[in-house]
Amino acid sequence: QVHLVESGGGLVQAGGSLRLSCVDSGRTFSVRPMGWFRQAPGKERQFVAAITWNSVATSYTDSVKGRFTISRDNAKNTVYLQMNGLKPDDTGTYYCAASDRGGLVVQSREYQYWGRGTQVTVPS
């Protein structure tokens, strides 16, 4: 069973940083690809970053490359999203997700398990 809980969101000024965490209380975290998505008000959910089960590969949407870093600690059942240089366009609810698939998963439809999200707000 997979149960994901995000934390670390908040209000931060443009240019600031946040680190999001997502903990899985299940027993299969270490073998699952993980991803982060975000949804701004009135917009569709958007892929942000993904990581393979063993951290050998990552992927990012173009708008966050060079600013965000996804990582994981399988011993802690936790995936992280370090966000630097935050911009107002980064505002939204951030969700972590776990997949039953292998490899690097970037499509939201290929994720079966989702957290409830954590809010990130960067005022303009």
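Residue numbers count from 1 along this sequence. The analysis underlying the following values was restricted to heavy atoms, covering all of them including side chains, and did not include hydrogens, waters or symmetry mates. Here the structure is a predicted model, which means the values were calculated and not measured.
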inquiry  = Is it the case that the side chain of Tyr94 and the backbone of Gly8 share a donor-acceptor pair, with hydrogens and angles ignored and the cut-off at 3.5 Å?
reply    = no

request  = Report yes or no: does Thr52 contribute a side-chain atom to a donor-acceptor pair with the main-chain N or O of Ala57 at less than 3.5 Å?
outcome  = yes

task = List the atom of Tyr60, the atom of Thr69, and the distance in Å for their closest heavy-atom pair.
result = OH-CA, 3.3 Å

key: Backbone of Ser99 reached by a side-chain donor or acceptor of Arg32 within 3.5 Å   = yes

key: Gln119/Thr93 under side-chain hydrogen bond (donor to acceptor under 3.5 Å, both in side chains): CA gap, chis, key distance, verdict   = CA-CA 4 Å; Gln119 178 68 34; Thr93 302; 2.9 Å; yes

ask   = Are Leu18 and Val23 connected, step by step, through hydrophobic side chains (Ile, Leu, Val, Met, Phe, Trp, Tyr) whose heavy atoms are closer than 4.5 Å?
value = no

task = Fit a plane to each ring of Trp114 and Tyr95, take the angle between them on a 0 to 90° scale, and name the class: parallel (under 30°), tilted (30 to 60°) or perpendicular (over 60°).
result = perpendicular

message = Side chains of Gln82 and Arg19 only: does a donor on one sit below 3.5 Å from an acceptor on the other?
response = no

ask   = What's the spacing between Ser25 OG and His3 NE2 if we round to 0.5 Å?
value = 5.5 Å

ask   = Is any side-chain heavy atom of Leu86 closer than 4.5 Å to a side-chain heavy atom of Asn84?
value = no

inquiry  = So which atom in Ala50 and which in Tyr111 form the shortest heavy-atom distance, rounded to 0.1 Å?
reply    = CB-OH, 3.8 Å

Heavy-atom side-chain contact between Gln46 and Thr61 under 4.5 Å = yes

task = Apply salt bridge (charged side-chain N to carboxylate O under 4.0 Å, His left out) to Arg67 and list each qualifying residue two or more places apart in sequence or on a separate chain.
result = Asp90

task = Show the numbers, then the answer: is there a side-chain hydrogen bond (donor to acceptor under 3.5 Å, both in side chains) between Thr78 and Asp73?
result = CA-CA 5 Å; Thr78 303; Asp73 184 340; over 6 Å; no

query = Distance-only, no hydrogens or angles: does the Thr118 side chain make a donor-acceptor pair with backbone N or O of Gly9 under 3.5 Å?
reply = yes

key: Sub-4.5 Å side-chain heavy-atom contact between Met83 and Leu20   = yes

task = Would you kindly confirm whether Phe68 and Phe37 end up in one hydrophobic cluster when ILVMFWY residues are joined by side chain heavy atoms under 4.5 Å apart?
result = no

ask   = Nearest 0.5 Å, what's the CG-CD distance between Leu104 and Glu110?
value = 10.5 Å

